[in-house]
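Have a look at the structure below before the remarks.
What you see below is based on every heavy atom in this structure, not just the backbone, and it leaves out hydrogens, waters and symmetry mates. The chains referred to below are lettered A, B, ... by the order of the sequence lines, with proteins before strands, and numbering in each begins at 1.
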Amino acid sequence: MSSARSRRKRDPEIVIARDTDSELSSSEEEEEEEDNYPFSESEEEDEAVKNGGKIELEKNKAKGKAPITVKLIKKVCKVCKQPGHEAGFKGATYIDCPMKPCFLCKMPGHTTMSCPHRVVTDHGILPTSHRNTKNPIDFVFKRQLQPRIPPIKPKYVIPDQVHCAVIRYHSRRVTCLEFHPTKNNILLSGDKKGQIGVWDFGKVYEKNVYGNIHSVQVNNMRFSPTNDDMVYSASSDGTIGYTDLETGTSSTLLNLNPDGWQGANSWKMLYGMDINSEKGVVLAADNFGFLHMIDHRTNNSTGEPILIHKQGSKVCGLDCNPVQPELLLSCGNDHFARIWDMRKLQPKASLHDLAHKRVVNSAYFSPSSGTKILTTCQDNRIRIWDSIFGNLDLPSREIVHSNDFNRHLTPFKAEWDPKDTSESLIVIGRYISENYNGTALHPIDFIDASNGQLVAEVMDPNITTITPVNKLHPRDDVLASGSSRSLFIWRPQDKTEMVEEKKDKKIIICYGDSKKKGKKQKRGSDDEDDEDDIFSSKGKNIKVNKYQAKTTKKTKT
DNA sequence: AAAATATGCCACC
DNA sequence: TGGTGGCCCTATTT
């Protein structure tokens, strides 16, 4: 029990609900800095390395002394297998393999530690050539649309404090999030296993998990524009589900694998999905490059699938323009984001192809005017096109940002703040960690897309996992994050404190792990009788001193 | 506490 | 193009 008390002392704002787990090892850990870092100065070792390691040295034979046998295991870098250096974490700081290009900007000649994009506040914008402003449409845009966009940027409100959380809510990692269109405290979450969670984070304890909708990962969810209770979901099982959140009843609107498993080469998966309410269609795209459409009123598919990306390549995302219903944006594994005219949907008939260097995880029109485009690419760059009416050959800005592909992680996607009328604030999780007072944490970055400035980096010492899934609330100053199997709700610090004065404190609920859940899977919804498991892994007792989201400076080591 | 494993999927040949 | 190998700051379990 003393451990629980001491944790509270360190982190007074967090109340652990249902703390049945009393064996939290009190945290004497960190800062032990066992300096065994394998750059040994010993002659023997140097020689050993020269000789290719793993050797036996026999000394002083001639002098008749007993032979000294020294066995050395060859120390090689786990990344490049070369001796002389080692890559990996040293404490909370990751040492790159010098033989590899920089893990952040991908340029050779330096490592991530010394990458110029790592330490600067503007995250390294790469300016592109000057825009062509002679375009007449651009002129119209500047006269008619631009005045609506306020010239002065609002002061950003950053939700930087964990307000509440459900730990290990899902049994597999979270893949997508969606806020309810009208109920402010309802968050939908999809996971790798195909389950969809409905969480009332206002009441914190109220949650529901639907496990019967999909058999594998949910890639996208959208509420019906005509009925708040109904949700469309696209899954790697090749189906679009249509679920009533009140009753849990679900129907399948589209099934791309009606004949079941015929091998990996033919199994279709659905990724990007969006709804065009003007046209009354649900759009979804598969991993073979095709776009599928479903009539939203009859719930029947309309027409044949259309090839919109390279044949056989995955379409990662779809986005309908919020202002111009004729405009559709897609992105995919063929390294392109494409702008489409809905009236002219046919192969190779896109209005524009936005070239990228790697897979494009996401592409979004800006939320209010629909005139900007934001993409997230696996080449560790966020790209912004400031006007779809201008010259689209090159992005207006490229922002170097750590959001690599990793098979174990849900792909990173930069998301607009839907409340920011200046259409500049974006949020995206960061892959690489920073050393925050001895703890490796992966922050969530708020970036001003208009200039590449890092506005804020938010993190919580209890969240040691990478947080690739983030969504900003459409109306409130709330950030929802999916990190591994857990969900987090962030609110601005000052507001949180106001709430705390009159109400209780932040609550973190913890549920049992997936194994335990297996025994009573049938009940699907409430597993509250499961044993709690409070931050059971490394994060629980980390000592991190006060940090400030807006002005955080990394502790360099 | 090191090692396995779950796994998808992208890059590359 | 299809097959194969990597897997270069994962998370979790054993």
Side-chain angles (χ1 to χ4, degrees), chain A residues 25 29 34 76-82 85-108 111-113 115 118 167-168 170-175 191-193 216-217 219 235-237 263-267 269 271 287-289 310-316 332-335 356-361 377-380 401-412 429-436 439-443 459 463-469 482-486 512-518 533 535-539 554 557:
Chain A
S25 59
E29 329 112 347
E34 14 167 332
V76 296
C77 169
K78 68 173 183 183
V79 175
C80 70
K81 316 279 191 266
Q82 298 297 306
H85 64 273
E86 267 195 319
F89 274 103
K90 189 200 175 194
T93 304
Y94 190 87
I95 311 295
D96 267 344
C97 169
M99 310 303 275
K100 290 278 180 177
C102 170
F103 191 70
L104 174 54
C105 75
K106 308 301 178 194
M107 304 302 276
T111 60
T112 314
M113 283 293 283
C115 177
R118 178 139 184 176
I167 307 301
R168 299 185 179 196
H170 285 273
S171 53
R172 288 282 180 273
R173 67 172 203 246
V174 173
T175 51
D191 73 20
K192 193 85 181 30
K193 208 180 177 187
V216 282
Q217 76 196 57
N219 292 312
S235 162
S236 289
D237 63 12
N265 292 341
S266 61
W267 183 259
M269 313 191 227
Y271 284 85
N287 58 329
F288 287 93
K310 183 180 168 189
Q311 180 129 26
S313 75
K314 180 167 95 182
V315 182
C316 302
N333 269 21
D334 62 357
H335 302 185
H356 292 69
K357 297 233 167 61
R358 285 275 187 266
V359 171
V360 189
N361 289 342
C377 181
Q378 290 183 10
D379 68 352
N380 266 3
H401 182 266
S402 176
N403 44 251
D404 285 52
F405 164 80
N406 180 314
R407 66 173 163 159
H408 304 288
L409 297 176
T410 305
F412 291 87
R430 196 192 302 175
Y431 193 154
I432 52 175
S433 60
E434 299 287 349
N435 184 346
Y436 291 96
T439 308
L441 296 177
H442 309 266
M459 77 292 292
I463 309 175
T464 55
T465 47
I466 294 171
T467 308
V469 192
S483 190
S484 187
R485 293 153 53 184
S486 304
D513 59 27
S514 54
K515 221 178 52 190
K516 286 174 192 161
K517 209 175 282 178
D533 188 1
F535 284 127
S536 70
S537 49
K538 294 115 196 151
K554 300 132 201 171
T557 35

query: Within the structure shown, what part of the strands sits under 4.0 Å from A:Ile466 by heavy-atom distance: base, sugar-phosphate, or nothing?
result: sugar-phosphate
message: Quick test of your reading of the model: are A:Arg430 and A:Glu434 salt-bridged, counting only N-O distances below 4.0 Å?
response: yes
query: More 5' along DNA chain C: A:Ser484 or A:Lys310, using each one's nearest nucleotide?
result: A:Lys310
- line: Out of C:dG3, C:dT12, C:dC9, minimum distance to the side chain of A:Arg168 belongs to C:dT12
message: Taking the P atom in each of C:dG3 and B:dT7, what is the distance between them to the nearest angstrom?
response: 23 Å
- request: Provide, to the nearest angstrom, the distance between the CG atom belonging to A:Asn265 and the C1' atom belonging to B:dC10.
  value: 15 Å
field: Separation of atom CG in A:Asp404 from atom P in B:dA11, rounded to whole Å
entry: 11 Å
- request: For A:Met99, answer base if it contacts any base atom (sugar-phosphate contacts may also be present), sugar-phosphate if it contacts only those atoms, and nothing otherwise; contact means non-hydrogen atoms under 4.0 Å.
  value: nothing
- request: Give the rounded distance in Å between these two atoms: CH2 of A:Trp267 and C1' of B:dC9.
  value: 17 Å
query: Should we count NZ of A:Lys310 as having more than 12 external heavy atoms under 6.0 Å?
result: no
message: For the base of C:dA11 and the side-chain ring of A:His408, does the geometry meet a stacking cutoff of under 5.5 Å between centres and under 30° between planes?
response: no
query: Roughly how many Å is it from NE2 in A:His356 to P in B:dC10, rounded to a whole number?
result: 15 Å
Whichever of A:Val216 and A:Arg358 has its nearest DNA chain B nucleotide further upstream toward 5': A:Val216
task: Calculate the interatomic distance between A:Gln378 atom CD and C:dC8 atom C1'; express it in whole Å.
output: 14 Å
task: Scan A:Thr465 against the nucleic acid and name what it touches under 4.0 Å (heavy atoms): base, sugar-phosphate only, or nothing.
output: sugar-phosphate
- prompt: Taking only side-chain nitrogens and oxygens of A:His335, does any of them come within less than 4.0 Å of OP1 or OP2 of B:dC10?
  reply: no
message: Is it the case that the base of C:dC7 and the side chain of A:Arg407 share a donor-acceptor contact (distance under 3.5 Å, atom types as modelled)?
response: yes
query: Between A:Gln217 and A:Lys193, is any pair of side-chain heavy atoms under 4.5 Å apart?
result: no
message: So A:Arg173, base contact, sugar-phosphate only, or nothing? Heavy-atom distance under 4.0 Å.
response: nothing
- request: Please state whether the phosphate of B:dT7, meaning OP1 or OP2, lies under 4.0 angstrom from any side-chain nitrogen or oxygen of A:Lys192.
  value: no
message: Closest approach to the side chain of A:Met269, judged atom by atom: which nucleotide of B:dC12, C:dG3, B:dC9 is it?
response: B:dC9
- prompt: How many Å lie between CG on A:Asp191 and P on C:dA11, as a whole number?
  reply: 16 Å
field: Length of the line joining A:Asn361:CG and B:dC9:P, which is rounded to integer Å
entry: 11 Å
- prompt: Is the distance from OP1 or OP2 of B:dC9 to the nearest side-chain N or O of A:Tyr271 less than 4.0 Å?
  reply: yes
- request: Figure out the CG/P separation between A:Leu409 and B:dC10, and round it to whole Å.
  value: 13 Å
- prompt: What nucleic acid atoms does A:Ser236 come within less than 4.0 Å of, heavy atoms only: base, sugar-phosphate, or nothing?
  reply: nothing
statement: Regarding the side chain of A:Phe89, the nearest nucleotide among B:dC10, C:dC8, C:dC9 is C:dC9
field: Basic-acidic side-chain contact under 4.0 Å: A:Asp404, A:Lys106
entry: yes
message: Could you measure the distance from the SG atom of A:Cys97 to the CZ atom of A:Phe103? Nearest 0.5 Å is fine.
response: 12.0 Å
task: With C1' as the reference atom in both, quote the distance from C:dC9 to B:dC12 in angstrom, rounded to an integer.
output: 24 Å
- prompt: Knowing that exactly one of A:Val359, A:Asn287, A:Asn333 qualifies, which makes a side chain to side chain contact (heavy atoms under 4.5 Å, CB included) with A:Ser313?
  reply: A:Asn333
